[in-house]
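First comes the structure, then the notes that go with it.
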Amino acid sequence: MCSPVVPDSADSPILVFLEPLGQDIHPASRNAINTALGLAGDTKRELCGVLLTAAFGAGQSAVLERSGLTAVYVFVNSLLGNFVLEEHLEVLLAFVKEKKPGVILFGATPESRALAPALAARLKTGVTADCTKVAFREDGLLLQTRPAFGGDVTAEIITPWARPQIATLRGLAPELPRRGPAGSKIIVNSAKIVNPRAQKAEWLDRVTEAAENAASNVLAIGGGVRRQEDVEIFRRLAGRLKAELMCSRALVERGWFTRQSQIGLSGRGVRAEALLAMGVSGSVQFMAGVMSGRICAVNLDKDAPIMLKADVPIAGDLYAVADALLRCV
Ligand SMILES: Cc1cc2nc3c(=O)[nH]c(=O)nc-3n(C[C@H](O)[C@H](O)[C@H](O)COP(=O)(O)OP(=O)(O)OC[C@H]3O[C@@H](n4cnc5c(N)ncnc54)[C@H](O)[C@@H]3O)c2cc1C
């Protein structure tokens, strides 16, 4: 057993990795803050956040001041505007080595899913991806719960020796972020990047912009669609809604779509502003790919799992709803 790069004690800080989203904080980071607040509970651990950004604005500052975190460390460098793993890793790694957190929580965004394991590898520790729950055990170890084997079992994972204990968290906050009085200390530093690679990746600007625009709304269809020729109806609807048409695995298995269009555990994750799911049951594996802001679901079965998770559940026939929408949008 080798000694950990970052040692831990019962009062080592809990660190939340925060991602900017325009002038706001990404919903997955808000979820991580909420989870960390619950986790810190009665412990003596300091609860802090770290934000890497190209520009730190008043909007983000206002959100973070009321986040409930004790302190938020902001590192600013123009190279941090687009996500390039090497630069983010360099800045985060230096901070973690100095701050020595016992636990680090990330939202399960595509960027954090790349960054968390890269950080873990450099710190010679583990990472539990896509946790649905984290809690301290009585012995102080972090119990990290996540679906395994395609969601058939729930695995409880601990990191007994290596430190810090790192987890990415799936799903959005079950409640609105707790907003306290403006109490969080915001410490802004300029970030030193010794080995910049971003200049080599100027094309990232365009790709990221295109990807974000494309995924701002998603229409997902599933097993409820009866015939392949009906997909055209939903393609038209997606066009009217300015949404990307995606699907559940049921339709990939029927050969109607390629895996590129599949949402979920064995498909793609979607970080859409709004997701309209029609004729999708909302299996654990499908939901594993959903990181959207708002979900509207149309399903004949009012008790289908997705209906219980949707902000707007519509119990009804997807063809009737599609027809009505096509008449008015
Ligand atoms: C290892 C593993 C990985 C997997 N990965 C994924 C993955 O990445 N993504 C994924 O999607 N699945 C994945 N699956 C499969 C997953 O378990 C489900 O089988 C799949 O999600 C089902 O798709 P569905 O909900 O669209 O279809 P169904 O289960 O067939 O559900 C259809 C839904 O449509 C509703 N419906 C039917 N007719 C209508 C109508 N006329 N109007 C309105 N509603 C209607 C039904 O009530 C039902 O809820 C995986 C499975 C395993 C084992």
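In what follows, residues are counted from 1 in the order of the sequence shown. One-based numbering, in listed order, for ligands and for the atoms of each.
- Counting only non-hydrogen atoms, the option in Glu253, Gln285, Lys302 that gets closest to atom 6 (C) of ligand 1 is Gln285.
- Counting heavy atoms closer than 4.0 Å to ligand 1, residue Met278 contributes nothing at all.
- Below 3.5 Å of separation, one finds no N or O of Ala304 facing any N or O of ligand 1.
- For atom 33 (C) of ligand 1, the candidate residues are Ala315, Gly279, Ala148, Ser283; the nearest heavy-atom contact is made by Gly279.
- Residues satisfying the side-chain contact (heavy atoms from CB on, under 4.5 Å) criterion with Arg327, sequence neighbours excluded, are Asp323.
- In this structure, Leu308 shares a hydrophobic cluster with no other residue, the cluster being traced through Ile, Leu, Val, Met, Phe, Trp and Tyr side chains under 4.5 angstrom apart.
- A salt bridge does not link Arg137 with Glu156: none of the charged nitrogens is closer than 4.0 Å to a carboxylate oxygen.
- Under a 4.0 angstrom heavy-atom cut-off, Ala320 registers as lying outside contact with ligand 1.
- Here atom 4 (C) of ligand 1 lies nearest to Arg249 when heavy atoms of Arg249, Arg226, Met246 are compared.
- When heavy-atom distances to ligand 1 are checked against a 4.0 Å cut-off, Ile263 comes that close only through its backbone atoms N, CA, C and O.
- Glu90 and Arg122 are not joined by a salt bridge, as no carboxylate oxygen comes within less than 4.0 angstrom of a charged side-chain nitrogen.
- Side-chain atoms of Leu143 and Lys133, non-hydrogen and from C-beta on, never get closer than 4.5 Å to each other.
- Considering backbone and side-chain N/O of Ser248, one or more are found under 3.5 Å from N/O of ligand 1.
- The side-chain heavy atoms of Glu65 and Gln60, taken from C-beta on, include no pair separated by under 4.5 Å.
- Closest heavy-atom approach to atom 48 (C) of ligand 1 within the set Leu318, Asn299, Ile306, Asp301: this belongs to Asn299.
- A salt bridge is absent between Glu232 and Arg227; no separation between the charged side-chain nitrogens and carboxylate oxygens falls under 4.0 Å.
- Residue contact check for ligand 1: Gly289 places no non-hydrogen atom closer than 4.0 Å to it.
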